[in-house]
Participant: 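Take this structure first; my questions come after.
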Amino acid sequence: MQRKIWLSSPHIGEQERSFVEEAFSTNWIAPLGANVDGFESDLARFTGVEYVAALSSGTAAIHLALVLLGVTRDDIVLCQSFTFSGSANPIAYQGAVPVFIDSENETWNMDPAQLERAIKHYIAENKKPKAIIPVHLYGMPAKLDEILALAANYEIPVIEDAAEALGSTYRQQPCGSLGDIGILSFNGNKIITTSAGGALLSRNKEWVAKARFYSTQSRDAAPHYQHSHIGYNYRMSNILAGIGRGQMQVLDERIAQRRANYEFYRNALQDIPGLEFQPEAKESFSNRWLTCLDIDPSRTNGITREDLRLQLEKENIESRPLWKPMHLQPVFADAPAFENGVSAKLFERGLCLPSGSNLTPEDLERVTAIIRATLT
Ligand SMILES: *Cc1c(COP(=O)(O)O)cnc(C)c1O
């Protein structure tokens, strides 16, 4: 059996080690310390967003964003359906109602037409939505012009889920910097990783100060432990922030490597009928975190996404169906949804290809050879 090729494995080098060793040698293992401050300022510089709170995960960042926006029981939150559950679970933590918005075909992200339908529907019911959560799936920027215009028009804040899109841009603006609050993830499979981690970004200084306060158990200024707000244990540790500082030094390289994977696949496969790559609009630059295919079996002699996935698996190559939309998940069966069929179709036909920044040319050749042999 040939060596395993993973979907997206962590890619760590020497720089990370030196930051972590510094934390050890200064005995600064506790949360907070020079690496947390340093990582936050690296992220602020990279995204152009002045205030950043480094947190324990992207999910924690979304949860605190909802807390900051005052989302509570029975509030309506409009969330992209085609995403990872981490986008939506925090809505349930707050006892609020997730309302799922389907995708459009051009970027695979939140469909502005369905978003507007939902906003009008809930305003007519006198339940104005408290927040909108668009996602830049697989690094591809959503249609932010339309989404932000609707948000501004109806005065609803936007939590921009850029967990997969660090380094992507929309009209030259970094993803994560365009909403009222941006969130990032540094989970093990993301474009850069701290093994586990996330961040909340905003130009609102007070919000970010509050996010830091809530994330460290909401401890009031007093010599004893005093609390006048519910707190969370959501801060990033100084050790993990050290890994993040090292990863920031190679982020541009990682983006170039992920983009090169995509270019390789596209050049090698684009002539095969029935295969489409996730499209990139002219105003967008995707970090191509994962290269994704839409496979139309009516044009591949009936070969389906699942046929291809199993064939790759037989050859010790990990690939994965696209995210299962939240409105089709058992846990959210009762949640309202504004559907157009796009994300359901993409879930049925779509496949994420191995996309790690540490893939070798031989790995990419192996993958494309099997795809070609299976589909032609
Ligand atoms: C990874 C991810 C999250 C959650 O981030 P964690 O750090 O894993 O908690 C949220 N949204 C999307 C779209 C993600 O891919």
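Computed over heavy atoms, backbone and side chain alike; hydrogens, waters and symmetry mates excluded. Note that the structure is a prediction, hence the values are computed from the model and not measured. Numbering of ligands and ligand atoms starts at 1, following listing order.
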Participant: Consider side chain to side chain donor-acceptor pair (under 3.5 Å). Of Arg320, Lys190, Arg258, which one does Ser8 pass it with?
Facilitator: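 Only match with Ser8 under side chain to side chain donor-acceptor pair (under 3.5 Å): Arg258.
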Participant: Is the NZ or CZ atom of Arg288 positioned over Tyr138's six-membered ring, under 6.0 angstrom from the centre and within 45° of the axis?
Facilitator: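 Not flagged: Arg288 not positioned over aromatic ring of Tyr138.
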Participant: In the protein, which heavy atom is nearest to atom 11 (N) of ligand 1, and how far is it?
Facilitator: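 Checked against all protein heavy atoms, atom 11 (N) of ligand 1 sits closest to Asp161 OD2, 2.8 Å.
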Participant: Does ligand 1 have an atom under 4.0 Å from some heavy atom of Gly198?
Facilitator: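 Heavy atoms of Gly198 never come under 4.0 Å of ligand 1.
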Participant: So if I count the atoms of ligand 1 from 1 in the order they appear, which ones are less than 4.0 Å from some heavy atom of Ser57?
Facilitator: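 Taking each heavy atom of Ser57 in turn, ligand 1 has 7 (O), 9 (O) under 4.0 Å.
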Participant: Nearest heavy atom to atom 13 (C) of ligand 1 wins, so pick from Glu164, His63, Gln80.
Facilitator: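 Result: the heavy atom closest to atom 13 (C) of ligand 1 is in Glu164.
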Participant: Taking only heavy atoms of Ser185, which atoms of ligand 1 are found under 4.0 Å from at least one of them?
Facilitator: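 The list of qualifying atoms is 1 (C), 5 (O), 6 (P), 7 (O), 8 (O).
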Participant: If you draw the axis of the six-membered ring of Phe338, does the NZ or CZ of Arg117 fall within 45° of it and under 6.0 Å from the ring centre?
Facilitator: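 The answer is no; the distance or angle limit is not met.
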Participant: Which residue pairs satisfy the salt bridge (charged side-chain N to carboxylate O under 4.0 Å, His left out) criterion with at least one member in residues 332-345, sequence neighbours excluded?
Facilitator: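 Listed by first then second residue: nothing to list.
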Participant: When you look at Ile5 and Leu312, which way does the side chain to side chain contact (heavy atoms under 4.5 Å, CB included) test go after all the steps?
Facilitator: CA-CA 10 Å; Ile5 297 178; Leu312 289 164; over 6 Å; no
Participant: Tell me, please, whether Trp6 has Lys4 positioned over its six-membered ring: NZ or CZ under 6.0 Å from the ring centre and within 45 degrees of its axis?
Facilitator: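 Yes.
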Participant: How far is atom 4 (C) of ligand 1 from its nearest protein heavy atom, and which residue and atom is that?
Facilitator: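 Result for atom 4 (C) of ligand 1: Thr59 OG1, 3.5 Å.
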Participant: Answer whether the closest heavy-atom distance between the side chains of Val49 and Arg203 falls below 4.5 Å.
Facilitator: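 Answer yes - side chains close enough.
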Participant: Which atoms from ligand 1 have a heavy atom of Thr83 less than 4.0 Å away?
Facilitator: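 In order of numbering, the contacting atoms are 13 (C).
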Participant: Near Val135, which atoms of ligand 1 are under 4.0 Å from a heavy atom of that residue?
Facilitator: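 Counting atoms of ligand 1 from 1, those under 4.0 Å from Val135 are 13 (C).
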Participant: Closest non-hydrogen protein atom to atom 2 (C) of ligand 1, residue and atom name please, with distance?
Facilitator: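 Residue, atom and distance for the closest contact: Lys190 NZ, 2.7 Å.
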Participant: I'd like to know whether Trp207 forms a side chain to side chain contact (heavy atoms under 4.5 Å, CB included) with Leu200, so could you lay out the CA-CA distance, the side-chain angles of the two residues, the decisive distance to 0.1 Å, and finally the verdict.
Facilitator: CA-CA 10 Å; Trp207 281 353; Leu200 181 148; 5.6 Å; no
Participant: Please identify which atoms of ligand 1 are closer than 4.0 Å to at least one heavy atom of Gly58.
Facilitator: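 Reading through ligand 1 atom by atom, the close ones are 5 (O), 6 (P), 7 (O), 9 (O).
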Participant: What atoms of ligand 1 come within less than 4.0 Å of a heavy atom belonging to Gly197?
Facilitator: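 Here the atoms of ligand 1 in question are 7 (O).
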